[in-house]
J.: 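Submitted below is the structure of interest, expressed as structure tokens.
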Amino acid sequence: DGTQVGATLDRNGLRPGRFYLTKSRRIVMASEVGVVDIDPSDILQKGRLRPGNILLVDFEKGTVVQDGDVKAVIAGKRPYAEGIT
């Protein structure tokens, strides 16, 4: 819908997904480091996706939502424990 974009790796994680989040409000993700020159003083966070992980950018909220938070929202929509009697 144009308001969010996400990335994930398959469970084998054959191609790495490395990302930089900058103080100037950019996110850069690629399979290799150094695809884009970024001033080290501008880097707020850097990391990599691991197999089965999710990274989500929400443009409306201006946030980067990381794996645990994305999965908590999804799991909360269908509480498994409530279906077990």
J.: From the options Val70, Ile54, Leu56, Leu55, select the one residue that forms a side-chain contact (heavy atoms from CB on, under 4.5 Å) with Thr8.
T.: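 Exactly one pass, corresponding to Ile54.
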J.: So, Thr63 and Asp58: side-chain donor and acceptor under 3.5 Å apart, yes or no?
T.: no
J.: If every non-hydrogen atom of Asn53 is compared with every non-hydrogen atom of Asp67, which pair is closest and at what distance?
T.: CA-OD1, 3.2 Å
J.: Would you mind reporting whether Lys71 and Gln66 have side-chain heavy atoms less than 4.5 Å apart?
T.: no
J.: Shared ILVMFWY cluster between Val65 and Ile74, side chains joined below 4.5 angstrom?
T.: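 Hydrophobic grouping puts Val65 with Ile74.
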J.: Heavy atoms only: give me the nearest Phe19-Arg48 pair and the separation to one decimal.
T.: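 Distance-wise, the nearest heavy atoms are CE2-N, 3.7 Å.
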J.: Any side-chain heavy-atom pair from Leu44 and Thr22 closer than 4.5 angstrom?
T.: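 Side-chain contact under 4.5 Å: no.
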J.: Looking only at heavy atoms, which two atoms of Ile43 and Lys23 are closest? And how far apart?
T.: O-CE, 4.0 Å
J.: Compare every heavy atom of Leu9 with every heavy atom of Leu49, then report the nearest pair and how far apart it is.
T.: O-CD1, 3.2 Å
J.: Quick check: closest heavy atoms across Ser24 and Asp42, and the distance to 0.1 Å?
T.: OG-OD2, 2.8 Å
J.: Atom NZ of residue position Lys46 - does it have more than 12 heavy atoms of other residues, nucleotides or ligands inside 6.0 Å?
T.: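 No, the 6.0 Å shell around NZ holds no more than 12 heavy atoms from other groups.
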J.: Please say yes or no: joined through hydrophobic side-chain contacts below 4.5 Å, possibly via intermediate residues, are Val5 and Leu21 part of one cluster?
T.: yes
J.: So which atom in Ala7 and which in Met29 form the shortest heavy-atom distance, rounded to 0.1 Å?
T.: CB-SD, 3.7 Å
